[in-house]
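Counting starts at 1 for both ligands and their atoms, in listed order.
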Amino acid sequence: MEDEADLTGATPRRRPKPSVLEIGGRRLKPSTLMMGHGFDPALSEGSLKPPIFLTSTFVFENAAAGKRHFEGVTGKRPGGADGLVYSRFNGPNQEILEDRLGLWEDAEDALSFSSGMSAITTLLMSFVQPGDTVVHSGPLYAATETLIGRIFGRFGVKWLDFPAGATRAEIETVMEQAKAQGRVPLIYLESPANPTNALVDVQAVAAARDALFPDSPPPIAIDNTFLGPLWHHPLRHGADLSVYSLTKYAGGHSDLVAGGITGSKDLINPIRMMRNTIGTITDPNTAWMLLRSLETLELRMSRAGENAAKVCAFLRDHPKVESVGYLGFLEEGSRQADIYDRHCMGAGSTFSLYLKGGERESFAFLDSLRIAHLAVSLGGTETLASAPAAMTHLSVPDARKQALGITDNLVRISIGVEDPDDLIADFDQALAAI
Ligand SMILES: Cc1ncc(COP(=O)(O)O)c(C=O)c1O
């Protein structure tokens with residue numbers, strides 16, 4: 001492909017030929033676009049799939065092109081790098097991944113990271129300053145709470161939270177308190193919350209934010225790991241940034257660790273600058289694996305969601321089960337059901353199983369499973385089960401555990417894509433073994 005020299009004398013970057021995004025007025029679905037969007041085989045020797053670009057740096061066509069690229073990387077010129085520069089900033093595999101990731105939520109831009117936590121850390125570092133108060137929903141994933149409270153706390157950042165299911169009035173009260181303390185740089189949500197599965201009313205948060213901060217509204221970021229990107233599109237409901245642990249459903253095979261953020265170019269730009277500086281980008285190999293994973297994302301998540309509905313229906317009626325905390329079983333007319341109806345397109349495949357009894361019963365159940373694996377994490381092709389009180393949330397103080405419903409009889413389950421009746425047989429025999 002021939003490129004014309006621009007006015008600076010630098011040849012603009014060779015871009016992939018534009019992707020086909022619609023046919024006959026029909027907008028193509030992300031599940032279709034995952035197979036080819038953002039990659040032009042003609043730029044890679046005709047290779048059908050993108051090669052893995054294992055290189056630490058990229059050769060400039062000439063000195064003027066190098067200067068132009070660095071103007072983009074350092075923020076002298078808005079919009080990020082105009083070309084490939086150095087693998088801490090960008091790379092072909094990461095850029096294809098980011099183009100595809102953004103499609104699921106119809107976002108303007110997206111970034112990939114080395115883990116979900118490095119995405120969240122880079123996000124916070126991009127917006128907060130000493131003395132600020134971050135407003136967040138509670139609970140958050142335990143490491144996110146540690147990051148905001150203990151680590152950013154060391155640099156003079158404060159926080160205030162409201163419970164995940166809070167009403168608009170309750171959310172406004174907390175925002176007012178935060179505003180009275182000084183600058184509010186960011187509103188950070190997680191929905192459904194880990195591990196309670198409680199949903200946040202994103203529309204109410206956005207309305208409260210707009211009412212209280214009409215002049216310079218702080219961005220709303222939301223951890224969309226549990227239901228995204230298939231069953232929950234928070235950017236449609238007033239969130240500005242959607243954050244992912246791609247380790248979970250997006251990666252989907254429990255064989256990689258990665259993170260992502262999608263949103264508008266205006267908000268993604270400062271996060272990209274921070275990522276360029278601190279080097280939290282995903283590596284080319286992991287980005288390539290994620291491209292492969294995204295091709296089957298809809299298939300995997302749909303099957304896992306259908307399986308979870310069948311397994312939960314079985315578990316709910318079992319005599320050894322106290323209750324099942326599954327988004328498909330929300331009480332009709334309840335506030336949680338109202339949020340679900342307005343925000344969610346599916347109940348997911350991660351839920352809480354409360355057994356009759358305590359630690360002895362939950363351990364006996366976990367130790368008897370034959371198909372499901374005893375491991376933390378979620379969103380993989382295989383079914384996983386764990387005991388949060390004794391594992392992921394062991395260090396959480398007892399009073400907070402009680403308040404969040406993280407009791408000794410709680411087993412967290414993430415359903416995979418196995419045969420649903422095989423899974424039911426496994427749970428049946430494990431319950432019998434208690
Ligand atoms: C809701 C949520 N957010 C963020 C993370 C952190 O992601 P990672 O382990 O990819 O850093 C996790 C991990 O379990 C999570 O469950």
Side-chain angles (χ1 to χ4, degrees), residues 94 97 101 110-125 134 136-152 161 164 186 188-200 202 221-232 234 239 241-262 275 278-283 285-287 289-290 293-294 301 304 325 327 344 348-352 373 375-380 382 384-388 391-396 404 406 410 412-415:
Q94 295 92 326
L97 169 65
L101 201 57
L111 293 172
S112 61
F113 295 87
S114 55
S115 71
M117 285 317 300
S118 75
I120 297 167
T121 306
T122 311
L123 165 76
L124 287 163
M125 288 182 75
V134 173
H136 71 79
S137 61
L140 299 174
Y141 175 60
T144 310
E145 288 199 353
T146 303
L147 178 70
I148 295 175
R150 295 210 215 137
I151 300 178
F152 277 89
D161 69 344
L186 183 71
Y188 187 86
L189 315 175
E190 183 176 301
S191 182
N194 183 353
T196 58
N197 258 10
L199 296 168
V200 177
V202 182
I222 178 166
D223 187 326
N224 197 27
T225 298
F226 271 69
L227 290 182
L230 206 62
W231 298 308
H232 190 212
L241 292 163
S242 190
V243 181
Y244 288 93
S245 166
L246 300 178
T247 313
K248 308 296 176 338
Y249 288 98
H253 297 73
S254 306
D255 55 6
L256 61 84
V257 173
I261 303 183
T262 68
R275 189 188 70 172
I278 63 177
T280 42
I281 193 169
T282 189
D283 67 279
N285 193 68
T286 304
M289 289 171 74
L290 278 160
S293 294
L294 288 181
M301 290 186 79
L327 288 174
C344 305
S349 74
T350 304
F351 60 91
S352 300
H373 295 273
V376 298
S377 199
L378 59 117
E382 67 292 297
L384 300 181
S386 63
M391 297 168 194
T392 45
H393 292 71
L394 185 67
S395 58
V396 175
L404 295 176
I406 306 172
L410 164 63
R412 276 291 271 181
I413 297 177
S414 165
I415 295 290

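Using a 4.5 Å heavy-atom threshold, the side chains of Leu246 and Leu101 count as touching.
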Dump the pairs for me: ligand 1 N or O, protein N or O, distance under 3.5 Å, to 0.1 Å.
{"residue": "ligand 1", "atom": "3 (N)", "partner": "Asp223", "partner atom": "OD2", "Å": "2.6"}
{"residue": "ligand 1", "atom": "7 (O)", "partner": "Ser245", "partner atom": "OG", "Å": "3.1"}
{"residue": "ligand 1", "atom": "10 (O)", "partner": "Gly116", "partner atom": "N", "Å": "2.9"}
{"residue": "ligand 1", "atom": "10 (O)", "partner": "Ser245", "partner atom": "OG", "Å": "2.8"}
{"residue": "ligand 1", "atom": "10 (O)", "partner": "Thr247", "partner atom": "OG1", "Å": "2.6"}
{"residue": "ligand 1", "atom": "11 (O)", "partner": "Gly116", "partner atom": "N", "Å": "3.0"}
{"residue": "ligand 1", "atom": "11 (O)", "partner": "Met117", "partner atom": "N", "Å": "2.9"}
{"residue": "ligand 1", "atom": "14 (O)", "partner": "Lys248", "partner atom": "NZ", "Å": "2.7"}
{"residue": "ligand 1", "atom": "16 (O)", "partner": "Asn194", "partner atom": "ND2", "Å": "3.2"}

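For Asp161, the side chain to side chain donor-acceptor pair (under 3.5 Å) test picks out no residue, with sequence neighbours left out. The side chain to side chain donor-acceptor pair (under 3.5 Å) test applied to Ser414 returns no partner, not counting sequence neighbours. Residues passing the side chain to side chain donor-acceptor pair (under 3.5 Å) test with Tyr249 are Ser349, Thr350, sequence neighbours excluded.
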Applying side chain to side chain contact (heavy atoms under 4.5 Å, CB included), run through Met117 and Thr144 and close with a yes or a no.
CA-CA 7 Å; Met117 285 317 300; Thr144 310; 3.9 Å; yes
Please determine whether side chain to side chain contact (heavy atoms under 4.5 Å, CB included) holds for the pair Phe113 and Thr121, giving the CA-CA distance in whole Å, both sets of side-chain angles, and the decisive distance to 0.1 Å.
CA-CA 10 Å; Phe113 295 87; Thr121 306; over 6 Å; no
